[in-house]
There are 2 protein chains.
Amino acid sequence: MSKKTETPRSAKRSVTAHDVAKLAGVSQSAVSRHFTPGASVAPKTRQKIIEAAEQLGYRPNLIARSLITKKSNLIGIVLPLNTNPYYQSILEELSYELSTHGYRILLFTNQTGHDSDLLIEEILHYPLDGLILVAVNLSSHLAEECKQNDLPVVMMTRKTESKTISSVTGDNIHGVHTIVDFLLAGKHQKFAYIAGEPQSSTNYDREEAFFSYLASQGFNDVQKAIGYYTYEGARLAARKLLSVSTPPDAIFCANDHMALCALEVAQYEFKLQPGKDISIIGFDDNYLASWDSFQLTTYSQPSKQMVHQAIQLLLEQIEQEDFLPKHIIVKGELIIRYSSRLPLNYQ
Amino acid sequence: MSKKTETPRSAKRSVTAHDVAKLAGVSQSAVSRHFTPGASVAPKTRQKIIEAAEQLGYRPNLIARSLITKKSNLIGIVLPLNTNPYYQSILEELSYELSTHGYRILLFTNQTGHDSDLLIEEILHYPLDGLILVAVNLSSHLAEECKQNDLPVVMMTRKTESKTISSVTGDNIHGVHTIVDFLLAGKHQKFAYIAGEPQSSTNYDREEAFFSYLASQGFNDVQKAIGYYTYEGARLAARKLLSVSTPPDAIFCANDHMALCALEVAQYEFKLQPGKDISIIGFDDNYLASWDSFQLTTYSQPSKQMVHQAIQLLLEQIEQEDFLPKHIIVKGELIIRYSSRLPLNYQ
DNA sequence: TTGAAAGCGCTAACAA
DNA sequence: TTGTTAGCGCTTTCAA
């Protein structure tokens with residue numbers, strides 16, 4: 001009784017254009033045409049197709065379509081989704097803006113520190129229209145692979161040595177210089193740096209700019225601790241920097257996420273009053289920075305603008321045969337809040 | 001000179017199994033077999049294929065494969081990616097655990113408040129192996145559609161009236177009762193509630209439980225303001241609740257995100273000391289709740305466990321023909337921190 | 001173990 | 001405007 005009969009049909013057979021055609025009494029290509037914007041179908045035929053499709057609950061299989069159109073409308077996105085709130089904003093904006101262009105997101109998250117090459121290897125098995133790498137380091141080996149496969153790629157908040165890959169980054173140099181100028185105007189005396197992932201281009205740029213600019217102003221005794229761009233890492237780093245006899249009166253953190261943690265360590269563990277006893281400055285202007293609990297002074301990386309630029313770059317690559325890689329630097333601005341001491345007579 | 005010759009070839013033609021076969025001097029099906037785990041290929045043939053594939057940089061097109069295997073290894077995920085940090089954790093864990101099962105994520109974000117029916121309509125055009133809806137309300141109309149299309153669906157942190165869709169939710173009732181018991185033990189006198197999205201099942205459950213349990217204990221004068229599960233909404237709601245002559249000494253917020261905001265409003269705008277002048281309690285235990293700046297008392301919705309359950313449920317549905325919908329409630333626990341007044345002699 | 005052939009669901013010539 | 005046909009890149013019978 002419960003024994004299966006001749007039609008197991010475990011593989012779900014979805015409704016196809018062929019089914020609709022049969023029911024409507026037209027050809028399968030007529031059905032295809034009806035779902036192709038701008039194709040010519042007689043009103044009468046169209047009506048029959050609409051009814052049949054409606055009745056069967058037919059929806060064109062977009063993936064099958066892509067096989068022949070060579071356009072999947074799929075954009076791969078790789079980003080670290082740890083607790084750093086900045087990437088949440090980036091992803092949200094990517095999702096929103098890509099959808100307005102008719103693209104869908106195939107999402108890949110990479111564990112921070114993991115080798116992203118394996119992941120990207122895997123990604124190349126999908127017929128993507130483009131790839132956006134957020135805060136991911138791309139080996140020049142794989143950069144070449146993407147190039148060879150004609151896969152448009154844009155890196156966000158990172159650069160690769162291979163100059164063939166376009167990138168959108170914040171203005172690390174201008175940002176750091178602005179921050180240092182601000183700190184110097186505030187008569188800070190002892191500086192420290194909480195570094196991000198040492199491997200990353202962003203950390204390299206920010207660290208290099210911070211130390212060399214300070215050195216040029218006569219400050220050579222600048223402390224450093226590595227926070228690896230994580231909250232936990234920053235906790236240890238901040239403790240280390242503050243646990244000395246004469247702690248710094250200014251800490252620049254390579255991103256906001258770490259700065260927020262440093263702020264808490266200074267405030268709750270070392271009983272220092274940010275903006276008075278110590279100045280803490282971040283980089284990003286993530287959405288927590290403006291919260292009353294933090295009021296973090298920071299240099300902004302305008303995520304909306306950067307996402308917009310990245311998508312424009314990607315679209316250009318998709319459309320143009322002979323696109324030349326561009327490296328866009330999006331200027332931010334110093335957002336002054338209460339985590340830092342103001343220069344006297346500051347307006 | 002720069003004029004294009006006979007081969008425009010603008011459509012990028014990727015390397016196919018056929019190309020590899022030709023170069024290796026074998027049939028295309030041999031190539032396919034080599035990339036099929038467990039298929040029988042002679043070592044000699046295999047070697048030739050490996051070399052040819054390597055030379056051409058061949059990778060099987062996973063999407064083309066899915067057309068015939070009827071398995072895309074794609075899971076659709078819909079979730080709101082506003083600034084609520086809880087969903088970032090959920091997405092991260094979904095991504096991680098799904099990848100261990102060989103699944104990839106097709107990501108769809110829905111604007112809070114937007115009609116998700118249109119979005120899901122769109123989603124049904126993709127040959128997904130499953131769909132996970134996070135904090136999204138699903139109309140019973142579309143629930144039926146999914147059922148008809150044999151698309152396995154699991155809802156997280158929401159339920160739908162249609163009992164055909166499986167769900168994983170936190171223990172709203174137990175959570176609220178635990179919270180109320182704790183507040184009563186702390187001798188709180190005046191209660192208020194900041195509501196989430198009025199349409200959502202979670203808000204309904206929490207609100208209903210909060211008000212009816214308090215009423216059963218003789219507290220009928222309980223204030224309410226709607227925060228729509230957003231930070232901004234909560235700000236207005238908190239201000240409203242606190243701007244009266246005798247403000248509440250206990251506010252329960254329908255999620256942590258709003259509770260964090262309420263905490264800030266109480267502290268920075270109304271100069272109230274949380275845990276002393278006022279108790280604020282949330283729901284979720286998101287990653288900010290434990291930060292020193294907040295120390296929010298809350299009832300946890302263990303995201304890791306919930307994600308695990310949701311994926312299990314989805315996998316069961318994918319594998320079993322005759323799966324019956326399940327509704328899993330994951331118990332959390334009261335996490336007592338400093339945003340709430342402790343009962344006397346509390347241990 | 002291998003290749004030929006059919007076909008997944010669809011689009012896009014082409015001819016009628 | 002329509003149907004016929006070929007074929008996207010792949011897997012999977014089926015015979016050899």
Side-chain angles (χ1 to χ4, degrees), chain A residues 9-49 52-53 56-74 124-129 149-150, chain B residues 9-49 52-53 56-74 124-129 149-150:
Chain A
R9 225 155 69 102
S10 65
K12 55 186 175 190
R13 219 190 70 80
S14 54
V15 180
T16 72
H18 191 251
D19 300 332
V20 176
K22 215 158 54 174
L23 181 61
V26 300
S27 77
Q28 184 262 7
S29 36
V31 177
S32 169
R33 269 185 218 110
H34 170 249
F35 287 96
T36 307
S40 68
V41 184
K44 230 172 171 169
T45 316
R46 208 177 270 277
Q47 191 53 36
K48 285 191 285 188
I49 294 172
L56 297 175
Y58 170 73
R59 290 181 190 81
N61 181 335
L62 260 31
I63 286 294
R65 171 183 293 174
S66 79
L67 206 56
I68 186 147
T69 59
K70 304 280 185 211
K71 195 148 187 357
S72 64
N73 289 312
L74 254 32
L124 291 174
H125 286 72
Y126 290 88
L128 301 174
D129 286 353
N149 283 43
D150 275 317
Chain B
R9 225 154 67 101
S10 66
K12 55 182 175 193
R13 220 190 67 81
S14 52
V15 181
T16 71
H18 193 252
D19 301 331
V20 177
K22 217 159 49 178
L23 181 61
V26 299
S27 75
Q28 184 262 6
S29 32
V31 177
S32 168
R33 272 185 214 108
H34 170 249
F35 286 95
T36 308
S40 68
V41 184
K44 230 172 168 168
T45 316
R46 207 176 273 275
Q47 191 51 38
K48 285 191 286 187
I49 295 172
L56 297 175
Y58 170 71
R59 291 181 189 82
N61 181 334
L62 260 30
I63 285 295
R65 171 183 292 174
S66 79
L67 205 55
I68 186 148
T69 60
K70 304 282 186 209
K71 196 150 184 0
S72 64
N73 289 312
L74 254 32
L124 291 174
H125 287 73
Y126 291 89
L128 301 174
D129 286 352
N149 283 42
D150 274 317

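Lettering follows sequence order; numbering is per chain, from 1. Since we're looking at a predicted model, the values are computed, not measured.
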* Value in whole Å for how far the P atom of D/dG9 lies from CG of A/Leu128 -> 16 Å
* What is the distance, rounded to the nearest whole Å, between atom NE2 of A/His18 and atom P of C/dA6? -> 16 Å
* Asked: Atom CD1 of A/Ile63 to atom C1' of D/dC10: distance rounded to whole Å?
  -> 14 Å
* Could you give the CD-to-P distance, from A/Gln47 to D/dT1, as a whole number of Å? -> 16 Å
* To do: May I ask you to say what B/Pro127 touches in the nucleic acid, namely base, sugar-phosphate or nothing, with a heavy-atom cut-off under 4.0 Å?
  => nothing
* B/Ser72 vs A/Ile63 side-chain heavy atoms within contact, under 4.5 Å -> no
* Whole-Å distance separating the NZ atom of B/Lys22 from the P atom of C/dG3 -> 15 Å
* In Å and rounded to the nearest 0.5 Å, what is the CZ to NE2 distance from B/Phe35 to A/His125? -> 7.0 Å
* Closest to side chain of B/Ala64, choosing from C/dG3, D/dC10, C/dC10 -> D/dC10
* Asked: Using a cut-off of 4.0 Å on non-hydrogen atoms, how would the nucleic acid contact of B/Tyr58 be classed: base, sugar-phosphate, or nothing?
  -> sugar-phosphate
* Asked: Which part of the nucleic acid, if any, lies within contact of A/Thr69, taking any heavy atom under 4.0 Å across all strands shown: a base, the sugar-phosphate backbone alone, or nothing?
  -> sugar-phosphate
* Minimum-distance nucleotide to A/Ser27 side chain [options: C/dG9, C/dT2, D/dT4] -> D/dT4
* Describe, as an angle rounded to 10 degrees, how the axis at the first end of the helix from C/dT1-D/dA16 to C/dA16-D/dT1 is tilted relative to the axis at the last end, five pairs per end. => 40°
* Please give, in whole Å, the distance from C/dG7 P to A/Asn61 CG? -> 19 Å
* **Nucleotide nearest A/Arg65 (side chain, heavy atoms from C-beta), chosen from D/dG9, C/dT2, C/dC10** => C/dC10
* Could you tell me which non-hydrogen atom of A/Arg33 sits nearest to which non-hydrogen atom of A/Ser40, and how far apart they are? => CD-O, 4.0 Å
* Asked: Does the side chain of A/Thr16 reach to within under 4.5 Å of the side chain of A/Val31, using non-hydrogen atoms?
  -> no
* To do: Grab the two heavy atoms, one from A/Tyr58 and one from A/Val15, that are nearest each other, plus how far apart they are.
  => CD1-O, 3.4 Å
* To do: For D/dG9, take OP1 and OP2 only and decide whether either is under 4.0 Å from a side-chain N or O of A/Lys70.
  => yes
* To do: Apply ring-ring contact (aromatic ring centres under 6.0 Å, His included) to A/Tyr126 and list each qualifying residue two or more places apart in sequence or on a separate chain.
  => none
* Structure fact -> Separation of D/dC8 atom C1' from A/Leu62 atom CG, nearest Å, is 15 Å
* Measure from CG on B/Leu67 to P on C/dA6 and round the result to the nearest Å. => 18 Å
* Atom pair CD/CD1 of A/Gln47 and A/Ile49 - distance to nearest 0.5 Å -> 10.0 Å
* Structure fact -> On DNA chain D, more 5' by nearest nucleotide between B/Arg33 and B/Arg59 is B/Arg59
* Asked: Given that A/Ser40 and A/Gln28 both sit by DNA chain D, which one's nearest nucleotide is further toward the 5' end?
  -> A/Ser40
* **Closest-nucleotide 5' rank along DNA chain C - winner of B/Ile68 and B/Gly25** => B/Gly25
* Asked: Counting side-chain heavy atoms from CB outward, which of C/dA5, C/dA12, C/dT2 is closest to A/Ser29?
  -> C/dA12
* Asked: Can you check side chain to side chain contact (heavy atoms under 4.5 Å, CB included) on B/Leu56 and B/Leu23, steps first, answer last?
  -> CA-CA 9 Å; B/Leu56 297 175; B/Leu23 181 61; 3.9 Å; yes
